[in-house]
Amino acid sequence: MIFILLVPITSNIKLHHIINKHFQINKYIVGLYYGNKTSFQYTGFNAQVSLPGNLSSQLMAQTKPVDEVVDGGAQKQQMINVECISDFEEAPILNISFM
């Protein structure tokens with residue numbers, strides 16, 4: 001069984017991002033879309049997934065790098081492949097930074 005879900009997760013004055021998820025059994029593909037809602041260029045853009053505590057032994061996450069520059073009005077996509085190795089209770093953390 002494959003599920004597909006498109007969810008807007010956050011929107012503020014500067015950044016809008018949406019999650020597009022596909023999952024099957026223990027594998028999960030997450031497409032993150034980052035939209036620059038300003039007319040200014042973002043530099044040093046970085047989005048990383050961290051697996052706190054025991055989560056690193058329960059999940060495997062491979063993050064495709066995203067461009068460090070997001071032009072004003074532009075949207076960038078980042079793909080993350082996640083595989084569940086064992087049951088887990090903690091949640092992964094998505095850290096986003098830019099200037």
First locate atom CG of Asn81, then atom CE of Met60, and finally report the distance between them rounded to the nearest 0.5 Å. 8.5 Å

Does Ile29 share a hydrophobic cluster with Phe88, counting links as ILVMFWY side-chain heavy atoms below 4.5 Å and allowing steps through other members? no

Answer yes or no: is there a side-chain heavy-atom contact under 4.5 Å between Phe45 and Asn36? no

Side-chain (Asn54) to main-chain (Gln58) donor-acceptor, under 3.5 angstrom: no

If you measure from CD on Gln41 to CE on Met99, what distance do you get to the nearest 0.5 Å? 13.0 Å

OG1/Thr43 to CD/Glu68 distance, rounded to the nearest 0.5 angstrom? 9.0 Å

Can you check whether Val82 reaches Pro92 side chain to side chain, under 4.5 Å on heavy atoms? no

To the nearest 0.5 Å, what is the distance between CE (Met79) and OG1 (Thr63)? 11.0 Å

Pairwise side-chain contact, Leu32 with Val66, heavy-atom cut-off 4.5 Å (strictly under): no

Show, in sequence, the C-alpha distance, side-chain angles and deciding distance for Val30 and Val49, and conclude whether the side chain to side chain contact (heavy atoms under 4.5 Å, CB included) test is met. CA-CA 11 Å; Val30 181; Val49 174; over 6 Å; no

Would you confirm whether Asp67, through its side chain, and Val69, through its main-chain N or O, come within 3.5 Å as a donor-acceptor pair? no

Hey, could you give me the OH/CD1 distance between Tyr34 and Ile96, rounded to the nearest 0.5 Å? 4.5 Å

Nearest-0.5 Å distance that lies between atom SG in Cys84 and atom CD1 in Ile25: 11.5 Å

Shortest non-hydrogen separation from Leu55 to Ala91 and the atoms involved: CD2-C, 3.5 Å

Would you check if the side chain of Gln78 reaches a backbone N or O of Lys64 as a donor-acceptor pair within less than 3.5 Å? yes

For residues Ser57 and Ser86, report the shortest heavy-atom separation together with the two atoms involved. O-OG, 4.3 Å

